[in-house]
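Notes follow the structure.
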Amino acid sequence: MIVNIDFRSDTVTRPCKAMKKAMFDAELGDDVYGDDPTVNALEVYAAKRHGFEAALFSSSGTQANLLALMAHCERGDEYLCGQNAHNYKYEAGGAAVLGSIQPQPIENEADGSLCFNKLSSAIKADDFHFARTKVLSLENTIGGKVLSLDYLKQAQEFCQQNQLILHLDGARVYNAATALKVDIKEISQHFDSMTVCLSKGLGAPIGSVLLGNKTFIAKARRIRKMLGGGMRQAGILAAAGQFALMNNVERLIEDHDNAGYLAREINGISGLSTEAYKVETNIVYVDVAAHVDMNFVTQSLADQGILITSAYIGMRLVTHKDITREDIDTLITHLKKYLT
Ligand SMILES: *Cc1c(COP(=O)(O)O)cnc(C)c1O
């Protein structure tokens with residue numbers, strides 16, 4: 001019996017029937033002409049919902065982050081970010097390659113934040129030897145961890161004092177809002193620009209939105225075209241994104257509860273421990289004892305149709321709308337079998 005239980009990421013979520021119907025029924029036009037009513041409606045809705053002047057629908061979070069950096073910066077500018085930031089580490093160096101924008105990474109603190117003293121000393125003086133420090137880019141959630149509202153406020157003040165633009169890679173920002181039990185604006189209000197992934201826990205097949213003021217979004221729209229990101233009857237995708245924002249936000253709490261449950265169950269298995277990592281949202285990190293053959297475990301699980309991400313030091317398990325309690329119990333049953 002091959003089940004398909006996928007703990008690798010929340011990007012594996014598949015559109016539900018109702019979402020597919022919304023896509024099927026979407027009114028379409030050519031978005032490069034600005035004619036797609038469904039894309040336009042999503043952009044208006046997303047801007048309002050997150051408290052920005054304007055929004056831009058884009059094909060991916062990677063593209064949305066790149067558009068943000070390229071719209072904020074000129075060649076020879078730089079952005080401050082975390083050593084573990086997605087837009088530094090996991091986006092193929094796009095800002096440097098395509099934007100001639102230099103990253104200045106800073107070691108992330110244990111809670112995922114960036115220390116303001118360390119950031120301060122990385123800001124470069126106005127001197128032609130140096131790149132021009134232009135943007136601070138934060139990420140929330142980062143590795144499943146939530147940045148506090150107080151920290152975000154401090155970051156905003158820090159940027160005002162240092163004439164920096166503050167960007168949020170908010171791929172999983174709704175997981176942060178859910179964990180903090182606040183409206184999304186409590187987070188977004190601190191930022192000059194923000195990206196939101198519609199295709200992770202929110203369950204759309206494709207798409208992110210970039211948010212900011214009108215001038216910034218107009219510039220980003222031009223760059224999106226330059227990068228080959230102008231899409232035509234994109235309303236078929238925007239409809240899924242709109243559906244995701246309207247229907248799949250409240251349920252994220254289930255993923256967080258399931259992650260907590262998963263972590264507790266894991267801790268009952270000898271050789272596995274999540275104790276070193278607090279589960280704050282939908283991502284569970286597991287330390288695995290040195291004697292455990294993770295290749296064997298991963299392969300044995302895969303043979304049963306259960307997919308996980310493993311490294312030799314441990315596992316990363318992600319809960320999402322297509323993972324039920326029962327799926328978690330199935331994983332636990334198999335792990336117990338392979339580990340004892
Ligand atoms: C997933 C993710 C992105 C963008 O990913 P895409 O696969 O390009 O949509 C950006 N930032 C973070 C923090 C992410 O988790």
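One-based numbering, in listed order, for ligands and for the atoms of each.
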Taking all non-hydrogen atoms of both residues into account, name the closest pair between Leu138 and Ala155 and its distance. CD1-CB, 3.8 Å

Got a salt bridge between Lys20 and Asp25, using NZ or NE/NH1/NH2 to carboxylate O under 4.0 Å? no

Could you pull out every protein residue that has a heavy atom closer than 4.0 Å to ligand 1, ordered by chain and then number? Ser60, Gly61, Thr62, Asn65, His86, Glu91, Glu139, Asp169, Ala171, Arg172, Cys197, Lys200

Is there a donor-acceptor contact under 3.5 Å linking the side chains of Asp111 and Ser113? yes

Centroid separation His167 to Phe191 less than 6.0 Å: no

Is the His50-Tyr174 ring centre distance short of 6.0 angstrom? yes

For Phe24, the hydrophobic cluster (side chain heavy atoms closer than 4.5 Å, chained through members) also holds none

